[in-house]
Each structure stands twice: as C-alpha cells, then as structure tokens.
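Below: the structure, in structure tokens.
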Amino acid sequence: MPELPEVEVVRAGLERHVAGRVIASVDILHPRAIRRHVEGPADFAGRLGGVKIEAARRRGKYLWLDLADGEAMLAHLGMSGQMLVQPGEAPDEKHLRVRLRFADGGPELRFVDQRTFGGLALSELVEADGTPVPATIAHIARDPMDPLFDPARTVSALRRRRTEVKRALLDQTLVSGVGNIYADEALWRSRLHWARPTDRLTARQAEAVLGAASEVMGEALLAGGTSFDTLYVNVNGQSGYFDRSLNAYGREGRPCGRCGTAIRRDPFMNRSSFSCPSCQPKPRPRRRTP
DNA sequence: AAGATCGCCTGCAGGC
DNA sequence: TGCCTGCAGGCGATCT
C-alpha cells in the first residue's frame, strides 16, 4: 500500500512527466474509479479534454493536478492505485481504470487500481489556511512533511483530543499522511503504547511521537525516491524499505530491536497494532473522576 | 459535535 | 487439489 513517501514519489513523477502537457481525451474503463466525481464519468472526461496541466501537488496521501482552467484533478491511490506513464502502444494493464491521452501524442497517463479503493475526481480549488487546495479535501490537515506544518499547534490539538494516541495519529483532520504502518513505527520510536489517552500525554511525548512520524516518512522518502527517471512511475509500495527498517509493524513474535522482547500484535479497529510489551507498556486504566 | 464503527474491494495465505 | 475463511488497508458515510 502506498504510504506518504510513495505518494510523494508519484507526485514528483507526475510533475516531471505530465506537467505542461495538454489533455486530449479521457477513457474511463471502470466507473467506480470516478465515483467521487458526483457529476459522473461523462462529465469528468468531457471537462478534462483540451485542458492543460500546470503542476502536480500533494497533501497527505491525496494528489492533485492543477489545471489551467483553475480546477484540480484530485487523485487518491487507495490501497493499490498506481499512476503509470506509458507509451500508447503498451498493452492495457489488467486493472487499468482510467486513461488520459495527450495532445502532443506522447506517452499517456494511466490510473491502474486492482482493488478500486482509490479514484479520481474534479474539484474546484479553495483557499484553506493560506494554501489553495481542492474543496473536497479542505478538511485534510497538513502532513508532517509540509513546509507549513505547525508542530506546536498539532501538539496542542493532539493533547486536546479525548481518545487513544493511535486513533488520533490516524485522524486526517489532525495530521495527515500517517497510516497504520507509520503510526506503529512512530509509537515504537517514541516508546508509547497505542492506547495511551491523548489527554494524558505530556507535551514532550506528543512532540516525540509527531517528530518520529515525520522522521520515519523522511527516511522512507530518502530510501525510495530513486526511480523518477523512468517512464514507469512505481507506486506499489514494495520498495524494499519496509523489509529492512520496520521495527514494530508486522513483526509479531520477533525480538524488539531495542530490548529483545517479542513484539506483540493486538486487534485494533478491525486491523492490527504491533508494539513492544516492554518498551511500550500498556497505560494504566483511567481513574474515575469523583 | 466529537468520537467510534462500518463497508467498500480483491488477492493471497493458511487450514483442511 | 481446491474450496473456504480471514486478513490487509484509507477514508467517507453513518451511527452514538
């Protein structure tokens, strides 16, 4: 699954391969990929024809293309989405959902998505916190790699929540771009249990876990951001980075890299949380207020 | 109104 | 061997 660093690699690939080009035509091979465009697939395809792409942008795991008509083509890769820049004569991929052809006759842009959790839509740009973003994602907070991300503000917002710290890390309206894998890694690095109540975190702990999330993403981007210059913009997330550098996620029963205790897996929101029982002790139950 | 839960979708691993 | 079940995951919709 593409995490934020992979999505940033895709954004850079789009900037390089499609910015400045004029869309000629759009094929929609699976309407589910356009389900978030409420006016429907025909409207989507019709409005993109003849439009120039100005730039490729990202917030959290959302991508968008700034269009010359002032709108944006918003994209989310979901669990299995890929953006491929392919020569027109390349055979269709098995899970090809949308194809954009260009007026210059050069390579086309293909949205491929096996599980169809991802999708494309057109959205007008609005101003949110001083930055133009597609209206449909104006509720998405800045991610930790955003130059205008405000750590102090996010720390206070995190500590004002009344929930568990991992739920808060996954809440895209608080901080965006943190998925299940990087949440577990950030918690391991900052030695916090996933169920720690947010309103009992010290400022230092809140800073540490947000800082760790930012670090993990930065390291992954450095490790995986090397494949820009091929036409194939790889988005499948299998960069090899995970195998070598995950300390908690997916490591049930294997020794913690800090203390050697076996990593444990707990059920969490219909999926899993991985943590070290020794470095990340379970919080004591909240005392009833008298 | 914030916080919690559900459901979408497909391939694959594991059990028998 | 092949069927079955469970799991993976982000996020909008829908509940409490």
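Numbered from 1 within each chain, the chains take letters A, B, ... in sequence-line order. Computed from a predicted model, the values in this text were never measured in an experiment. Computation of the quantities below employed the complete heavy-atom set of this structure, encompassing side-chain atoms and omitting hydrogens, waters and symmetry-equivalent molecules.
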query: Reckon A:His30 touches a base, only the sugar-phosphate, or nothing at all at heavy-atom distances under 4.0 Å?
result: nothing
field: Distance below 4.0 Å between A:Ser272 side-chain N/O and C:dA8 OP1 or OP2
entry: yes
- prompt: Taking only side-chain nitrogens and oxygens of A:Thr163, does any of them come within less than 4.0 Å of OP1 or OP2 of B:dA4?
  reply: yes
query: Between A:Ile137 and A:Met79, which is nearer to the 5' end of DNA chain C once each is assigned its nearest nucleotide?
result: A:Met79
message: Can you measure A:Arg160 atom CZ to B:dA2 atom C1' for me and round it to whole angstrom units?
response: 13 Å
query: Is the phosphate of B:dT10, meaning OP1 or OP2, less than 4.0 Å from a side-chain N or O of A:His95?
result: no
- request: Just compare B:dG3, C:dC11, C:dG10 and give me whichever is closest to any side-chain atom of A:Tyr62.
  value: C:dC11
message: Can you see if the side chain of A:Gln114 gets near the phosphate of B:dG11 - specifically, an N or O under 4.0 Å from OP1 or OP2?
response: no
statement: Picking from B:dC6, C:dG10, C:dA8, the nucleotide nearest the side-chain atoms of A:Arg265 would be C:dA8
message: Using the side-chain heavy atoms of A:Lys94, tell me which of these nucleotides is nearest: B:dC6, B:dG11, C:dG10.
response: B:dG11
message: Could you check whether A:Arg21 makes a cation-pi contact with A:Phe102, meaning its NZ or CZ is under 6.0 Å from the centre of the six-membered ring and within 45° of the ring axis?
response: yes
query: A:Glu3 has an atom CD; how far is it from atom C1' of C:dG10, in whole Å?
result: 10 Å
- request: Check whether the side chains of A:Glu93 and A:Gln86 place a donor and an acceptor atom closer than 3.5 Å, and report yes or no.
  value: yes
message: Would A:Arg11 and A:Trp64 count as a cation-pi pair here, with the cationic atom under 6.0 angstrom from the ring centre and within 45° of the axis?
response: no
query: Under 4.0 Å between a side-chain N or O of A:Arg161 and OP1 or OP2 of B:dG3?
result: yes
Side chain A:Arg271 and base C:dG10 donor-acceptor under 3.5 Å: yes
query: Above 12 or not: heavy atoms from other molecules or residues under 6.0 Å from CZ of A:Arg258?
result: yes
task: Decide whether A:Asp266 and A:Ser273 meet the rule of one side-chain donor and one side-chain acceptor closer than 3.5 Å.
output: no
- line: The answer to which of A:Arg32 and A:Arg167 contacts DNA chain B further toward the 5' end, by nearest nucleotide, is A:Arg167
